[in-house]
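What follows is one structure encoded as structure tokens, with my remarks underneath.
Since the model is a prediction, treat every value here as computed from it, not as a measurement. Atoms within each ligand, like the ligands themselves, are counted from 1 in listed order.
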Amino acid sequence: AYASAYADGKPWCIYTPQLQPDPRDLILLHDFRQHGTRDMRLLYQPKLDLTSGRIREAEALIRWHHPRLGPIPPGHFIPLLERTGLVTRVTRWVIEEAIEELARCRTRDPDFGISVNIAAGDLSDDARLVDFIRDRGASGSLRGLRLEITETGVIQDHDHTQRVIAMLREAGIHCAVDDFGTGYASLSYLSKFAIEEVKLDRSFIRNMLENSRDQAIIASTIELAHTLGLKVTAEGIEDRETLQALAEMGCDTAQGYVIARPIPATELYPLMGRRHFPSLRID
Ligand code: C2E
Ligand code: MG
Ligand code: MG
Ligand code: MG
């Protein structure tokens with residue numbers, strides 16, 4: 001095959017769509033280089049602890065309101081910044097913001113936790129992420145900080161990721177595997193990493209009640225995760241029936257519009273400390 005490919009002596013050239021960049025992306029990249037995180041802010045989506053019925057944690061979710069282009073979804077600009085090697089600047093800002101917010105939340109609930117999403121590109125940058133986080137923890141302010149790494153981010157360059165996650169745990173930072181079920185990693189494989197939690201992707205949760213196959217997968221995933229010492233969060237729950245079913249299956253934590261959308265931190269405070277869904281059957 002090689003011989004015939006080179007037979008006419010012409011050099012190879014591989015074209016990818018990236019060679020034709022979207023002009024809007026060029027604007028975004030230009031403005032990010034110019035203004036950094038100036039037009040970005042964090043919202044927080046509450047996580048419901050299904051054993052106590054209380055909000056004990058939240059996930060920081062970034063928003064970019066571009067002055068001319070309007071709101072840009074993170075699902076678009078994070079991969080864009082990742083491809084261009086710029087994402088670390090965002091990640092550092094998010095971590096610093098989250099640590100500051102954590103201090104405010106912890107005056108209300110001393111055990112409150114905030115998780116931050118980490119891009120795969122943040123982990124490949126040697127152990128600098130770990131150093132950056134450790135530097136910020138000199139005063140013990142890291143307590144309650146957690147990281148979410150996507151399943152595909154964890155398994156790519158796995159030896160390296162395994163070391164980084166182990167260093168994070170030593171520094172007292174818990175890691176969760178985000179979007180679990182969207183890739184091909186098994187729980188037993190992931191349990192070799194020093195992670196504390198798996199987050200079941202919304203694609204499983206969405207049709208759970210109509211799809212007995214999805215429901216069986218979720219039930220056995222929760223069981224196996226617990227056997228392996230992992231906590232399970234379900235993402236993207238939009239109705240009470242699904243929330244109830246997950247509580248009955250022993251799922252530890254729940255997140256989704258039925259509980260709350262991503263909200264500014266000030267709207268988070270009144271939700272803390274009280275019991276939600278009092279009629280929810282919890283074991
Ligand atoms: P993710 O970490 O899996 O976050 C969950 C996404 O689902 C969020 O979208 C959230 O707003 C949305 N969501 C939550 N509950 C529901 C629900 O009940 N129904 C539906 N339909 N959606 C729900 P968002 O905020 O647009 O973020 C998308 C992705 O962008 C995140 O997925 C995460 O991978 C990434 N991302 C967001 N913020 C950051 C960040 O600060 N840093 C990095 N590296 N990635 C981020
Ligand atoms: Mg996440
Ligand atoms: Mg997710
Ligand atoms: Mg996702």
N/O separation below 3.5 Å, [X] to ligand 1:
| X | answer |
| --- | --- |
| E59 | yes |
| Y257 | yes |
| D122 | no |
| P74 | no |
| E235 | yes |

Please report the shortest heavy-atom distance between R41 and P264, naming the atom on each side.
NH1-CG, 4.4 Å
Does [X] approach ligand 1 within less than 4.0 angstrom via side chain, backbone, both or neither, non-hydrogen atoms only?
| X | value |
| --- | --- |
| N117 | both |
| I78 | side chain |
| I237 | backbone |
| L42 | neither |
| R202 | side chain |
| K199 | neither |

Does any donor atom in the side chain of [X] or [Y] lie under 3.5 Å from an acceptor atom in the other side chain?
| X | Y | value |
| --- | --- | --- |
| D31 | H66 | yes |
| D201 | T182 | no |
| T233 | E197 | yes |
| S279 | R240 | yes |

Protein N/O/S count near the Mg ion (ligand 2) (criterion: distance under 2.8 Å):
4
Which of these passes side chain to side chain contact (heavy atoms under 4.5 Å, CB included) with L190: L230, L228, I195?
I195
As an exercise, identify every atom of ligand 1 less than 4.0 angstrom from a heavy atom of [X].
| X | answer |
| --- | --- |
| Q45 | 14 (C), 15 (N) |
| V94 | 41 (O) |
| A119 | 44 (N) |
| G256 | 15 (N), 18 (O) |
| D178 | 1 (P), 2 (O), 3 (O) |

At the 4.0 Å heavy-atom cut-off, does [X] count as touching ligand 1?
| X | answer |
| --- | --- |
| P262 | yes |
| R63 | yes |
| R261 | no |

Is the backbone N or O of G137 less than 3.5 Å from a side-chain atom of S141, with the two atoms forming a donor-acceptor pair by type?
no
Side-chain donor/acceptor of N207 to backbone N/O of E210, under 3.5 Å
no
Under a single-linkage definition using a 4.5 Å side-chain heavy-atom cutoff for Ile, Leu, Val, Met, Phe, Trp and Tyr, are L61 and I259 assigned to the same hydrophobic cluster?
no
Is [Y] paired with [X] through a side-chain N to carboxylate O contact shorter than 4.0 Å?
| X | Y | value |
| --- | --- | --- |
| R146 | E196 | no |
| R128 | D131 | no |
| K199 | E59 | yes |
| R202 | D179 | no |
| R54 | D109 | no |

Please confirm whether R104 makes a cation-pi placement over Y269, using NZ or CZ under 6.0 Å from the six-membered ring centre and within 45° of the ring normal.
no
